[in-house]
> 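Structure in structure tokens, see below.
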Amino acid sequence: MNLPSGTEGSTESSGAGDPSYVPAGDLAQARALLDAPGAVPLGGGTDLVPSIRERLVRPRALVDLARISDLRGIAWREDGSALIGAATTLAAIASDGRMRTAFPAVVRACELVGSPALRNMGTLGGNLCQRPRCWYFRQRLPCHKHGGSHCYAYHGENEHHAILGGGPCFIVHPSDTAVALMALGATLHVTGQRTGERAIAIEDFFVLPARRIDSENVLTDGEAIRAVELPALSSGKRQAFDKVTQRGAWDFAVVSVAWARRTDGSVRLVLGGVAPIPWRVTTSIEEDVASGTLGEDDVDTLAERALHDARPLAKNGYKVDLAGALLRRAIVDLNSP
Ligand SMILES: Cc1cc2nc3c(=O)[nH]c(=O)nc-3n(C[C@H](O)[C@H](O)[C@H](O)COP(=O)(O)OP(=O)(O)OC[C@H]3O[C@@H](n4cnc5c(N)ncnc54)[C@H](O)[C@@H]3O)c2cc1C
């Protein structure tokens with residue numbers, strides 16, 4: 001069977017070797033289908049389908065999650081926490097009135113993803129699990145991620161690569177929603193035929209290349225994200241997501257920031273576009289930000305401390321300045337009444 005159409009780029013079949021397309025009717029069926037060797041979850045297909053055409057990945061079957069009603073929509077608990085189905089589109093999240101009031105940082109991150117077409121097709125699960133945009137990886141050069149022993153970006157065109165947490169590979173994580181969700185302390189509910197149900201704190205979901213090179217997260221074969229839980233503790237107006245892009249619109253973050261002051265007074269601060277994972281600022285810095293009134297010097301010192309471990313490559317030193325500026329603004333906003 002051919003690839004589904006309607007995603008960006010050509011929809012023409014590339015012929016022999018195409019994966020089969022299997023729509024799952026319910027969660028139990030999806031789990032069983034995903035348990036087959038080479039089967040992968042399909043969200044909106046906006047990253048997966050082009051990746052297959054570019055021969056970045058070679059799955060045997062695409063298990064479409066879009067028809068599973070349990071995976072679509074947002075459920076609210078009495079305590080004010082929210083459970084977002086993994087196949088919910090970014091557009092649906094961005095246009096949800098209750099989400100806008102309770103979790104505006106997530107709404108903003110969804111609004112700033114790519115183009116309206118991408119937001120209409122793209123799902124939350126797919127956005128979190130999309131593959132990196134490193135041009136050497138996308139061009140299928142034999143880098144670490146393609147089984148090689150070289151990072152072409154390290155001595156090459158590295159203006160968009162990592163300044164923190166890199167090595168041996170220097171990708172940055174491309175997902176905007178991941179940055180906002182980490183600032184809010186989300187939990188990912190993962191399901192698999194063999195592994196059962198797992199609840200994974202978002203900090204434990206993404207992995208650095210030094211720990212795992214073939215993937216950017218801890219999912220094992222056959223697993224899929226079922227839902228993303230947002231805690232009531234993080235709901236309210238004291239949160240934001242902001243990003244700087246090269247072209248100004250329809251673009252991935254060069255650097256982004258998300259922050260939240262939770263209802264217990266604690267603070268969470270996360271940077272995007274700087275590391276192979278969404279980069280949470282050290283807890284001791286978050287605690288200092290949370291502790292009270294800060295002068296201008298304190299704000300500068302905290303932002304510098306947050307970037308103390310930054311190791312820019314030859315062409316991306318500008319990211320340290322940009323991340324510093326976004327952090328300083330976030331710290332001031334966090335302490336504004
Ligand atoms: C021009 C352009 C600009 C873009 N700009 C941005 C941007 O600014 N910010 C941003 O964040 N993104 C951006 N994107 C990425 C885009 O938003 C993603 O392609 C999209 O969000 C992926 O969602 P999807 O549902 O289409 O995923 P798919 O393409 O269906 O899947 C992507 C990956 O996730 C896996 N997957 C899908 N669903 C699940 C699940 N439930 N559990 C586990 N794995 C799953 C798939 O197997 C695949 O590996 C851009 C993309 C393009 C092409």
Side-chain angles (χ1 to χ4, degrees), residues 3-4 6-9 19 21 24 27 30-31 33-34 38-54 56-66 68 70-72 84-94 106 108-133 138 160 172-181 188-192 195 198 200 205 214-228 241-256 258 272-273 278:
L3 297 176
T7 52
E8 60 141 10
Y21 167 73
L27 204 48
R31 271 192 293 265
L33 289 165
L34 284 169
V40 296
L42 175 70
T46 60
D47 184 41
L48 184 53
V49 173
S51 299
I52 293 167
R53 293 196 190 290
E54 291 159 14
L56 277 182
V57 288
R58 296 165 189 262
R60 287 200 213 159
L62 309 183
V63 179
D64 190 354
L65 307 178
I68 305 175
D70 286 352
L71 296 189
R72 297 182 74 106
I84 310 174
T88 310
T89 64
L90 303 177
I93 297 168
V106 178
R108 189 68 186 139
C110 290
E111 281 174 343
L112 292 178
V113 167
S115 62
L118 286 167
R119 295 193 290 275
N120 281 329
M121 295 283 295
T123 63
L124 187 57
N127 188 263
L128 294 173
C129 297
Q130 60 176 302
R131 301 308 310 276
R133 307 307 295 193
R138 291 271 161 178
H160 292 302
V172 292
H173 202 278
S175 166
D176 286 332
T177 62
V179 178
L181 292 172
L188 307 189
H189 294 272
V190 166
T191 188
T195 47
R198 300 204 276 157
I200 306 174
F205 182 74
D214 63 321
S215 170
E216 293 73 51
N217 59 58
V218 298
L219 290 181
T220 57
D221 286 348
E223 282 189 313
I225 302 173
R226 181 171 61 74
V228 175
F241 171 84
D242 194 11
K243 76 175 184 181
V244 176
T245 61
Q246 196 173 19
R247 288 179 295 187
W250 294 23
D251 210 355
F252 291 91
V254 173
V255 180
S256 66

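Here the structure is a predicted model, which is why all the values come from computation and not from measurement. When a ligand or atom number is given, it counts from 1 through the structure's own listing order.
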> As a quick check of understanding, evaluate side-chain contact (heavy atoms from CB on, under 4.5 Å) for V228 and T177, giving each step before the final call.
CA-CA 11 Å; V228 175; T177 62; over 6 Å; no
> Just go through R226, Q130, R133, E223 and tell me whose heavy atom is the nearest to atom 15 (C) of ligand 1.
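Selected option, by shortest heavy-atom distance: Q130.
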> Check ligand 1 against S175 and write out every atom of the ligand that is under 4.0 Å from a heavy-atom position of the residue.
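Close to S175: 11 (O).
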> Which atoms of ligand 1 are found less than 4.0 Å from any heavy atom of D176?
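Under 4.0 Å from D176, ligand 1 has these atoms: 7 (C), 8 (O), 9 (N), 10 (C), 11 (O).
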> Is any side-chain heavy atom of L128 closer than 4.5 Å to one of L188?
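Yes - at least one pair of side-chain heavy atoms lies under 4.5 Å apart.
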> Looking only at distance, does G44 have an N or O less than 3.5 Å from an N or O of ligand 1?
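There is such a contact, yes.
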> Would you indicate whether the side-chain heavy atoms of H160 and R133 approach each other to under 4.5 Å?
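No, every pair of side-chain atoms sits at 4.5 Å or beyond.
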> Relative to ligand 1, is L118 under 4.0 angstrom through side chain, backbone, both or neither, heavy atoms considered?
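Side chain only.
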> Heavy-atom contacts with L219 under 4.0 Å: which atoms of ligand 1 show up? List them by number with element.
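Under 4.0 Å from L219, ligand 1 has these atoms: 43 (C).
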> Just to be sure I read this right, does ligand 1 sit under 4.0 Å from the backbone of L71, its side chain, both, or neither, counting only heavy atoms?
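Neither part.
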> Output the list of atoms in ligand 1 that are nearer than 4.0 Å to some heavy atom of D251, sorted by atom number.
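Checking each atom against D251, I get 7 (C), 8 (O).
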> Side-chain contact, heavy-atom cut-off 4.5 Å: F241 with C110?
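Not touching, per the 4.5 Å side-chain cut-off.
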> When you compare the side chain of T89 with that of N120, does any pair of heavy atoms fall below 4.5 Å?
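Result no, sub-4.5 Å side-chain heavy-atom pair not found.
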> Tell me which part of A86 gets within contact of ligand 1: side chain, backbone, both or neither, using heavy atoms under 4.0 Å.
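A86 to ligand 1: side-chain contact only, backbone stays beyond 4.0 Å.
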> Going by the order shown, which atoms of ligand 1 are within less than 4.0 Å of some heavy atom of G45?
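Near G45, meaning under 4.0 Å from one of its heavy atoms, ligand 1 has 24 (P), 26 (O), 28 (P), 29 (O), 30 (O).
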> Please check this pair: side chain of R131 against backbone of L48, looking for a donor-acceptor N/O pair closer than 3.5 Å.
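Not a single qualifying donor-acceptor pair exists.
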> Which of the numbered atoms in ligand 1 are under 4.0 angstrom from any heavy atom belonging to N127?
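Checking each atom against N127, I get 10 (C), 11 (O), 12 (N), 17 (O), 21 (O), 22 (C), 23 (O).
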> So is T89 in contact with ligand 1, going by heavy-atom distances below 4.0 Å?
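Distance cut 4.0 Å: T89 fails for ligand 1.
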> Report the member of A39, P59, G122, G126 with the shortest heavy-atom distance to atom 37 (C) of ligand 1.
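Minimum heavy-atom distance to atom 37 (C) of ligand 1 goes to G126.
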> Could you check whether any side-chain N or O of R119 sits under 3.5 Å from a backbone N or O of E111, counting only pairs where one atom can act as donor and the other as acceptor?
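A pair under 3.5 Å: yes.
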> Are more than 12 heavy atoms from other residues, nucleotides or ligands located less than 6.0 Å from atom CZ of R60?
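Counting neighbours around CZ of R60, 12 or fewer heavy atoms of other residues, nucleotides or ligands fall under 6.0 Å, so no.
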> For ligand 1, which atoms have a heavy atom of L112 less than 4.0 angstrom away?
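Within the 4.0 Å cut-off of L112, ligand 1 contributes 8 (O).
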> Check the pair F205 / I225 against side-chain contact (heavy atoms from CB on, under 4.5 Å), numbers first and verdict last.
CA-CA 11 Å; F205 182 74; I225 302 173; 3.8 Å; yes
> So which atom in A258 and which in V179 form the shortest heavy-atom distance, rounded to 0.1 Å?
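Minimum heavy-atom separation between A258 and V179: CB-O, 3.6 Å.
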> Under 4.0 Å from ligand 1, counting heavy atoms only, is it the side chain of K243, its backbone, both or neither?
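Just the side chain.
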> Are any of the N/O atoms on P41, whether in the backbone or the side chain, positioned under 3.5 angstrom from an N/O atom of ligand 1?
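Min N/O separation from ligand 1 is below 3.5 Å for P41.
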> Quick check on contacts: which atoms of ligand 1 are under 4.0 angstrom from a heavy atom of A224?
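Every atom of ligand 1 under 4.0 Å from some heavy atom of A224: 42 (N), 43 (C).
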> Counting heavy atoms only, which of C129, G85, P174, A30 is nearest atom 33 (C) of ligand 1?
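Among C129, G85, P174, A30, the closest heavy atom to atom 33 (C) of ligand 1 belongs to C129.
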> Would you say the side-chain atoms of K243 pair up with the backbone N or O of D176, donor to acceptor, closer than 3.5 Å?
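A pair under 3.5 Å: no.
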